[in-house]
Amino acid sequence: RLVTVKRARGGVIEREVLDGEEIKTPTQFYVKGGDFLISKRQIVHGACGLVPDNLDGSIVSNEYAILGTDGRLDLKFLRYLSETIYFQQTCFHSSIGVHIEKMIFKVDRWLKWDFNIPPLSEQIRIARILSTWDRAIEIVERLIANSKAQKKALMQQLLTGKRRFPGDEGEWGLGCFGEGIRLISGQHIEASNVNSDRKGVPYLTGPADFPNGYLVISKYTDTPKVLCDDGDILITVKGSGTGKSILSNSTYCISRQLMAVRATSFDRIFAFYVLQSRVGIFEDAASGLIPGISRDDVLSFRVIIPPKASQKLIGRVLSACDQETVKLEQQVDALRRQKKALMQQLLTGKRRVKVDEEAA
């Protein structure tokens, strides 16, 4: 089993399993569970971490540095220390090369740097405190993944009519999505007419303006061309993020990378989730040299159309799923901020931890 280290302290993972005759690198090294592994070519990007116990006995090439301990340094503490800016700076200054992607880490240089290291008992205590936050973050991240999976399953059932609400005895039909909406294409505005001084109408240029499901306004224009209204669905039709959509909450000027979908006979929330359910199809349709989807791609696809009352209920249920996910994401963001603040204090000695006399 060969292992690798992910960038940005993403951890040590299995890369692949090979027979001996398939391994071309002449020199290989065993790693043990608990070793601290550094990728010499990727450490400037944060590629370091502890080898998990389930990867004990795996191998790496001499492109990696394997650190053990003589008992005076807790390697779990070192793993948290590796997240500090100072640690990252020492790794950069201990690497040679003219290109960031080709720099090589020199372990002998790095070992000469000074670090503030507390007594072993305090190292162990700090690592335990920070690992508590890691476990909490991991649990909430699993809840987020579960919430998204449940929503995806609900969308599949509710939007196809496989699962209906009690008392829903109305007629479900099949028609084109374009029958219940109106499309408004955005237009380009010259950079000279765009400002960040809050002068004019807020200007949305693409999915970068709603990175996490929230609209982030950073541009304005005095010469608005195409406006969307509160309640319109904004969908990305060109470039990266094609198919990504969000509900507008005000009046905005939109660029040609976006289209506004205005529900006419559909419930707007229902229409929004119909578009969400097709993101993968839109991405496939836009997989050419110039990613993009046309007006016809949006207007012509077939959709199962429930009665208006059922549309509203479907939108309400799926909105509740999204709200639950948002709460969990806010919770995990708060935990990450707390952990970052703790690390800043505990790993610099600004805040000391108490250990019992026996441990000391």
Side-chain angles (χ1 to χ4, degrees), residues 1-20 22-113 115 117 123-124 126-128 130-139 141-142 145 332 335-336 339-340 343 346-347:
R1 287 193 302 175
L2 284 76
V3 297
T4 187
V5 191
K6 297 174 72 175
R7 291 184 176 199
R9 290 160 301 281
V12 178
I13 60 171
E14 184 179 279
R15 189 177 74 190
E16 58 185 332
V17 178
L18 297 176
D19 290 331
E22 297 177 290
I23 299 173
K24 306 304 180 184
T25 307
T27 307
Q28 298 287 330
F29 299 88
Y30 284 105
V31 293
K32 302 193 298 288
D35 282 346
F36 189 81
L37 193 61
I38 294 176
S39 173
K40 295 179 184 178
R41 291 186 183 272
Q42 297 294 323
I43 185 59
V44 290
H45 301 291
C48 59
L50 290 174
V51 177
D53 290 337
N54 67 310
L55 292 178
D56 182 87
S58 299
I59 59 173
V60 293
S61 69
N62 57 6
E63 295 290 325
Y64 294 85
I66 307 167
L67 303 186
T69 177
D70 64 1
R72 290 178 291 174
L73 179 67
D74 180 68
L75 293 181
K76 291 179 181 178
F77 172 83
L78 178 61
R79 208 278 290 172
Y80 287 110
L81 195 65
S82 72
E83 297 186 34
T84 63
I85 293 175
Y86 178 73
F87 183 98
Q88 296 163 40
Q89 289 173 336
T90 63
C91 291
F92 181 81
H93 291 299
S94 301
S95 301
I96 59 172
V98 295
H99 192 282
I100 190 70
E101 294 295 335
K102 296 182 179 179
M103 295 183 78
I104 299 177
F105 181 63
K106 295 296 183 180
V107 181
D108 54 342
R109 285 190 183 186
W110 181 70
L111 289 172
K112 294 176 182 177
W113 285 87
F115 285 86
I117 306 293
Q123 295 174 40
I124 294 171
I126 289 171
R128 284 177 180 169
L130 295 176
S131 69
T132 302
W133 260 259
D134 279 339
R135 287 195 297 273
I137 290 169
E138 182 182 346
I139 289 168
E141 285 176 337
R142 286 203 299 267
V332 82
L335 287 168
R336 289 193 183 109
K339 178 191 169 187
K340 185 177 180 179
M343 288 177 64
L346 296 178
L347 297 176

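All values below were derived from every heavy atom in this structure, side-chain atoms included, with hydrogens, water molecules and symmetry-related copies excluded. Bear in mind that the values here come from a model prediction, so they are computed numbers and not experimental data.
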Participant: Is the closest basic N to carboxylate O distance between Arg336 and Glu83 below 4.0 Å?
Facilitator: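 Not counted as a salt bridge, because no side-chain N and carboxylate O are separated by less than 4.0 Å.
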Participant: Counting only heavy atoms not in Ile85, do more than 12 fall under 6.0 Å of its CD1?
Facilitator: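 For Ile85, atom CD1 is not crowded (no more than 12 foreign heavy atoms under 6.0 Å).
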Participant: Any ion pair linking Asp74 and Lys76 (charged N to carboxylate O, less than 4.0 Å)?
Facilitator: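 Here Lys76 does not pair with Asp74 in a salt bridge, since their nearest N and O are not under 4.0 Å apart.
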Participant: Using ring centroids (six-membered ring only for Trp), state whether Phe92 and Trp110 fall under 6.0 Å.
Facilitator: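 No, ring centres 6.0 Å or more apart.
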Participant: Roughly how far, to the nearest 0.5 Å, is CD of Gln88 from NE2 of His45?
Facilitator: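 The CD atom of Gln88 is 12.0 Å from NE2 of His45, to the nearest 0.5 Å.
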Participant: What distance separates Arg79 CZ from Arg9 CZ, expressed to the nearest 0.5 Å?
Facilitator: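 Here the interatomic distance stands at 9.0 Å.
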Participant: Under the 3.5 angstrom rule, does the side chain of Asp35 hit a backbone N or O of Lys32 as a donor-acceptor pair?
Facilitator: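 Yes; judged by distance alone, with no hydrogens or angles, the pair exists.
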Participant: To the nearest 0.5 angstrom, please state how far the OG1 atom of Thr90 sits from the CG atom of Leu111.
Facilitator: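 Taking OG1 in Thr90 and CG in Leu111, the distance rounds to 10.0 Å.
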Participant: Give me the ring orientation class for Phe36 and Phe87: parallel if the planes are under 30° apart, tilted from 30 to 60°, perpendicular past 60°.
Facilitator: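 Plane angle over 60°, so perpendicular.
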Participant: Does Leu73 offer a backbone N or O that forms a donor-acceptor pair with the side chain of Thr69 under 3.5 Å?
Facilitator: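 Here the side-chain-to-backbone pair exists.
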Participant: Quick check: closest heavy atoms across Val44 and Ser95, and the distance to 0.1 Å?
Facilitator: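 Closest heavy-atom pair between Val44 and Ser95: CG1-OG, 3.8 Å.
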Participant: Looking at every heavy atom in both Tyr80 and Leu347, which two are closest together, and how far apart are they?
Facilitator: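 So the two residues come closest at O-CD1, 3.5 Å.
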Participant: Salt bridge or not between Arg1 and Glu14? Use side-chain N to carboxylate O under 4.0 Å.
Facilitator: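 Judged by the 4.0 Å cut-off on N to carboxylate O distance, Arg1 and Glu14 do form a salt bridge.
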Participant: Short question: side chain of Glu22, backbone of Asp19 - any donor-acceptor pair under 3.5 Å?
Facilitator: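 Yes, the answer is positive, given that a donor and an acceptor are paired below the 3.5 Å cut-off.
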Participant: Nearest heavy-atom pair of Leu55 and Ile13: which atoms, and what distance?
Facilitator: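 Nearest heavy atoms, Leu55 then Ile13: CD1-C, 3.8 Å.
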Participant: Using the side-chain contact (heavy atoms from CB on, under 4.5 Å) rule, take Phe105 and Ser94 through it: C-alpha gap first, then chi angles, then the decisive distance, then the call.
Facilitator: CA-CA 6 Å; Phe105 181 63; Ser94 301; 4.0 Å; yes
Participant: Considering non-hydrogen atoms only, spot the tightest contact between Ile117 and Gln123 and give its length.
Facilitator: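 Scanning both residues completely, I find the closest heavy atoms to be CG2-NE2, 3.2 Å.
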Participant: Say you draw a straight line from CD of Gln28 to CD1 of Ile59; how long is it, rounded to the nearest 0.5 Å?
Facilitator: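 Rounded to the nearest 0.5 Å, the CD-CD1 separation comes to 4.0 Å.
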Participant: Check whether Thr25 reaches the backbone of Thr27 with its side chain - one donor and one acceptor, N or O, closer than 3.5 Å.
Facilitator: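 No: the side chain of Thr25 does not pair with the backbone of Thr27.
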Participant: Any chance OH of Tyr86 has more than 12 other-residue heavy atoms, nucleotides or ligands included, within less than 6.0 Å?
Facilitator: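 Buried by this count: over 12 neighbours within 6.0 Å.
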Participant: Using the side-chain contact (heavy atoms from CB on, under 4.5 Å) rule, take Thr4 and Val60 through it: C-alpha gap first, then chi angles, then the decisive distance, then the call.
Facilitator: CA-CA 8 Å; Thr4 187; Val60 293; over 6 Å; no
Participant: For Asp108 and Lys112, which heavy atoms make the closest approach, and how far apart are they?
Facilitator: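 Heavy atoms of Asp108 and Lys112 come nearest at O-CG, 3.5 Å.
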Participant: Any chance you could lay out the side-chain contact (heavy atoms from CB on, under 4.5 Å) test for Leu78 and Leu67, step after step, and finish with the verdict?
Facilitator: CA-CA 10 Å; Leu78 178 61; Leu67 303 186; 4.2 Å; yes
Participant: Work out which heavy atom in Ala127 is nearest to a heavy atom in Phe77; give both atom names and the distance.
Facilitator: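 Where Ala127 meets Phe77 most closely, the heavy atoms are CB-N, 4.0 Å.
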Participant: Which residue is it: Ile43, Leu37, Val12? I am looking for the one with a side chain to side chain contact (heavy atoms under 4.5 Å, CB included) to Cys48.
Facilitator: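 By the side chain to side chain contact (heavy atoms under 4.5 Å, CB included) criterion, Cys48 pairs with just one of Ile43, Leu37, Val12: Ile43.
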Participant: Find the distance between CD1 (Ile96) and CE (Met103) and round it off to the nearest 0.5 Å.
Facilitator: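 Ile96 atom CD1 to Met103 atom CE measures 8.5 Å (nearest 0.5 Å).
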Participant: Could you give me the CA-CA distance, side-chain angles and deciding distance for Leu2 and Val17, then say whether side-chain contact (heavy atoms from CB on, under 4.5 Å) is met?
Facilitator: CA-CA 6 Å; Leu2 284 76; Val17 178; over 6 Å; no
Participant: Measuring from atom OG of Ser131 to atom NZ of Lys339, what distance do you get when rounded to the nearest 0.5 angstrom?
Facilitator: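 With rounding to 0.5 Å, OG (Ser131) is 9.5 Å from NZ (Lys339).
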Participant: For Arg142, which residues count as a side chain to side chain contact (heavy atoms under 4.5 Å, CB included) partner, sequence neighbours excluded?
Facilitator: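 Arg142 satisfies side chain to side chain contact (heavy atoms under 4.5 Å, CB included) with Glu138, Ile139 only.
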Participant: Distance-only, no hydrogens or angles: does the Lys340 side chain make a donor-acceptor pair with backbone N or O of Leu335 under 3.5 Å?
Facilitator: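 A pair under 3.5 Å: no.
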